[in-house]
**Q** 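I'd like to ask some things about the structure below.
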Amino acid sequence: MVQKYQSPVRVYKYPFELVMAAYEKRFPTCPQIPVFLGSEVLRESRSPDGAVHVVERSCRLRVDAPRLLRKIAGVEHVVFVQRNVLNWKERTLLIEAHNETFASRVVVHENCSYTVHPENEDWTCFEQSASLDIRSFFGFENALEKIAMKQYTANIKRGKEVIEHYLNELTSQGTSHIPRWTPAPGREEDARGQAGQRDAGSPEADGPSSAAGPARETVSSDGDKLDADYIERCLGRLTPMQESCLVQLRRWLQETHRGKIPKDEHILRFLRARDFHVDKAREMLCQSLSWRKQQQVDLLLQTWRPPALLQEFYAGGWHYQDADGRPLYILRLGQMDTKGLMKAVGEEALLRHVLSVNEEGQKRCAGNTKQFGRPISSWTCLLDLEGLNMRHLWRPGVKALLRMLEVVQDNYPETLGRLLIVRAPRVFPVLWTLISPFIHENTRQKFLIYSGSNYQGPGGLVDYLDKDVIPDFLGGESVCNVPEGGLVPKSRYLTEEEQEQADQQRQWSETYHSASVLRGAPHEVAVEILEGESVITWDFDILRGDVVFSLYHTRRVPRPGPREQLVDRGWVLGRDYSRVEAPLLCREGESIQGSHVTRWPGVYLLQWQMHSPPSSVACSLPGVDDVLTALHSPGPKCKLLYYFEVLASEDFRGSRSSLESCTSGFSQLSAATSASSSGQSHSSSLVSR
């Protein structure tokens with residue numbers, strides 16, 4: 001596996017010329033870096049005008065590894081070849097390095113750049129990237145990888161300290177300013193003439209061109225790169241590898257994610273939740289972003305208004321902050337009638353309220369970061385369990401609690417800094433036994449549990465909360481405005497019909513997805529089939545407009561385009577992809593169920609396209625230009641709710657019988673728009689199947 005490193009932008013608040021003078025002091029030896037044994041110049045050249053200086057060095061590094069590994073390898077030091085292209089005119093230094101020792105077994109590549117800060121020409125930026133590929137190393141591949149990455153990250157921090165050391169040395173010697181490079185009079189014209197006559201393939205000709213191209217790309221910063229000082233100031237202290245993971249994941253989102261990029265602290269939470277494993281964090285974050293989009297969570301704080309009953313009986317609320325500056329949330333679970341709340345407002349309303357608490361918590365963390373001038377990315381929860389009894393162990397309530405835990409852990413990782421559980425009664429171990437297996441180990445380590453009055457005195461709440469913040473109901477001085485909870489009157493319970501509707505709505509929201517279809521901008525879903533013999537089933541309702549449903553197959557990997565369109569405009573029907581189901585016209589109000597038995601592995605595309613005149617129904621998939629036109633035109637749009645599933649062929653018989661015998665639950669929503677929907681739905685499902 002190839003290990004990669006990408007640094008954030010590190011800023012030296014010194015001019016480029018002074019930083020270069022400090023950099024040159026590192027050669028040929030550097031006592032401040034013990035593993036650097038020395039270097040010698042292999043080749044050196046300058047452009048005719050003196051603007052570009054190219055140096056190629058051989059550098060010897062001491063192997064900082066166990067003696068046994070050094071003895072097996074038969075070396076005490078390794079050799080790297082470094083090529084520096086210093087462009088005084090463009091004010092850039094580009095560094096490329098690779099290993100010469102064990103080059104057939106281990107491949108190391110490093111690229112560094114010093115450039116002028118895009119917003120302050122008297123500052124210098126430094127960026128660094130590297131890759132390590134250990135192909136074989138006498139059976140010690142894993143050990144060598146750990147040693148190499150540990151040594152490399154240690155030298156990263158040391159490298160910046162060395163530059164700053166030499167900058168201070170220059171300043172103490174009276175060198176605080178070095179003039180910028182200027183062409184000598186008359187030499188610039190001579191250089192141009194000689195450059196025109198010189199062979200384009202010569203090393204001298206390669207020098208300026210190789211320097212100028214990347215330099216312009218680096219200098220033209222888009223302002224979206226992460227600054228190391230910003231990371232430490234706003235996100236906290238990270239190790240070099242943690243910084244690299246953050247930079248890599250953030251860059252991947254910028255290049256691939258369509259829509260609003262999450263805040264850096266949000267990305268960092270997912271990395272921490274997956275121990276800075278970039279691929280695992282990326283998968284978790286992508287699933288969360290898809291969930292947020294589907295549930296419209298970004299608008300939750302603006303749109304969610306808890307029912308009056310919830311405001312009266314939900315015993316939870318925000319209360320200042322803890323001793324570390326984290327926002328403090330108090331939840332008096334023991335005083336809360338969870339069964340009554342579920343019967344009065346339904347599980348879905350409770351979940352939305354819990355989500356709004358988490359959204360508000362993130363907002364308060366950002367506010368406290370600004371207020372206290374240090375990174376605060378999590379909050380503290382004070383959980384009072386006085387009054388907890390068997391009523392709280394009501395089976396549907398525990399099931400709802402587990403569902404909320406799952407949603408919060410998947411989408412708000414590393415937001416809980418500490419959970420203080422006080423006045424835990426005897427029944428608490430029973431509840432803990434039920435829910436603890438569903439709580440991540442990292443989260444469980446943040447729990448502090450106090451039974452009886454153990455929370456009072458040293459070692460209790462005073463270690464985590466200031467005395468003037470401890471609420472009055474726990475013997476503190478602070479008046480707490482959190483509702484006291486209490487039993488919800490049965491007269492305010494939902495009727496049986498209302499409860500059934502709420503349960504059905506919850507099941508729909510968990511199962512079905514909503515989509516809008518614009519003219520020229522179809523909605524498409526990719527289904528990857530690894531084995532040829534599988535069954536794709538679908539069930540959807542047309543809520544508005546008329547839609548043409550089609551199913552395509554391709555062996556190519558679709559890349560999302562505008563509005564997440566999956567098919568590239570350069571694809572040709574019959575060559576790059578093929579239609580495996582005839583287009584089906586679906587009218588407004590219809591409910592469609594169907595299936596397709598796959599014949600080949602690959603990617604199958606379910607497509608819903610706005611109905612057009614018959615002449616254009618069977619045309620190829622729309623291109624990007626059509627999509628952009630549709631997005632900027634105020635034309636009508638269709639709406640649908642859909643569900644799909646992939647089944648093994650042997651499991652399909654029972655599933656198909658149940659699928660054919662049922663009608664989509666959403667047909668009840670669309671029945672008002674089409675009186676004939678129920679009569680047409682069954683025949684449509686036969687056709688679509």
Side-chain angles (χ1 to χ4, degrees), residues 262 266-275 277 279-298 300-301 304 306 310 314 316 329 331 333 336 338-339 341-343 345-362 365 377-381 383 385 388 392-419 421 428-447 449 502-514 643 645:
H266 193 69
I267 300 173
L268 187 57
R269 288 187 181 110
F270 284 84
L271 283 167
R272 284 181 170 137
R274 290 297 177 262
D275 296 323
H277 191 293
D279 291 337
K280 293 180 179 179
R282 178 169 57 221
E283 180 182 357
M284 183 183 184
L285 179 56
C286 287
Q287 291 175 353
S288 178
L289 291 175
S290 176
W291 170 83
R292 292 182 69 90
K293 182 179 179 181
Q294 180 184 342
Q295 301 293 329
Q296 297 184 333
V297 178
D298 290 336
L300 190 61
L301 290 180
W304 170 249
L310 204 55
Y314 188 88
Y329 189 82
L331 182 62
L333 183 61
M336 194 160 62
T338 53
K339 180 178 181 179
L341 284 174
M342 280 193 61
K343 286 183 171 291
V345 298
E347 180 182 338
E348 199 62 29
L350 276 174
L351 175 61
R352 299 299 284 183
H353 190 65
V354 169
L355 297 182
S356 71
V357 169
N358 281 271
E359 289 293 309
E360 177 67 23
Q362 292 185 133
C365 285
S377 60
S378 59
W379 58 84
T380 294
C381 180
L383 182 62
L385 295 184
L388 190 76
H392 291 88
L393 301 181
W394 181 52
R395 185 179 180 86
V398 174
K399 185 178 178 182
L401 175 61
L402 293 177
R403 179 193 172 208
M404 293 174 192
L405 281 174
E406 181 182 15
V407 171
V408 170
Q409 288 191 128
D410 289 346
N411 299 285
Y412 301 94
E414 297 299 316
T415 53
L416 180 66
R418 185 180 293 119
L419 179 63
I421 302 176
F428 172 71
V430 180
L431 179 63
W432 179 250
T433 302
L434 292 172
I435 66 173
S436 60
F438 299 92
I439 302 175
H440 196 276
E441 176 62 28
N442 290 347
T443 304
R444 288 204 299 268
Q445 293 177 359
K446 302 172 184 177
F447 287 21
I449 304 173
D503 292 342
Q504 191 177 50
Q505 181 65 39
R506 178 180 60 81
Q507 293 172 1
W508 288 345
S509 64
E510 291 177 350
T511 305
Y512 284 80
H513 305 274
S514 62
Y643 166 78
E645 185 179 8

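Note that the structure is predicted; figures quoted are calculated from it, not measured.
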**Q** Within this structure, what is the CE-CD distance for the pair Met342 and Glu348, rounded to the nearest 0.5 Å?
**A**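 The CD atom of Glu348 is 10.5 Å from CE of Met342, to the nearest 0.5 Å.
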**Q** Looking at Arg444 and Glu441, is any side-chain nitrogen of the basic one under 4.0 Å from a carboxylate oxygen of the acidic one?
**A** yes
**Q** Please check this pair: side chain of Thr443 against backbone of Ile439, looking for a donor-acceptor N/O pair closer than 3.5 Å.
**A**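 It does not hold such a pair.
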**Q** I want to check something: taking the side chain as every heavy atom from C-beta on, are Trp304 and His353 in contact at a cut-off of under 4.5 Å?
**A**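 Yes, their side chains come closer than 4.5 Å.
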**Q** Please determine whether a side-chain nitrogen of the Lys or Arg among Arg352 and Glu347 lies less than 4.0 Å from a carboxylate oxygen of the Asp or Glu.
**A** no
**Q** Side chains of Leu268 and Glu414: closer than 4.5 Å at any heavy-atom pair?
**A**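 They are not in contact (no side-chain heavy atoms under 4.5 Å apart), so the answer is no.
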**Q** For Gln362 and His266, run side chain to side chain contact (heavy atoms under 4.5 Å, CB included): C-alpha distance rounded to whole Å, both residues' side-chain angles, the deciding distance at 0.1 Å, then the answer.
**A** CA-CA 9 Å; Gln362 292 185 133; His266 193 69; 3.4 Å; yes
**Q** For His392 and Lys339, indicate whether the former's side chain and the latter's backbone hold a donor-acceptor pair under 3.5 Å.
**A** no
**Q** So, Glu359 and Arg292, do they make that salt bridge, N to O below 4.0 Å?
**A** yes
**Q** At what distance, to the nearest 0.5 angstrom, does CG of Leu355 lie from CG of Leu350?
**A** 11.0 Å
**Q** For the backbone of Tyr412 and the side chain of Thr415, can you confirm whether one donor and one acceptor N or O come within less than 3.5 Å of each other?
**A** yes
**Q** In Å, rounded to the nearest 0.5 Å, how long is the span from OG1 of Thr338 to CH2 of Trp394?
**A**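 Output value for this atom pair is 8.0 Å.
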**Q** Could you measure the distance from the CG atom of Leu331 to the CD1 atom of Ile421? Nearest 0.5 Å is fine.
**A** 10.5 Å
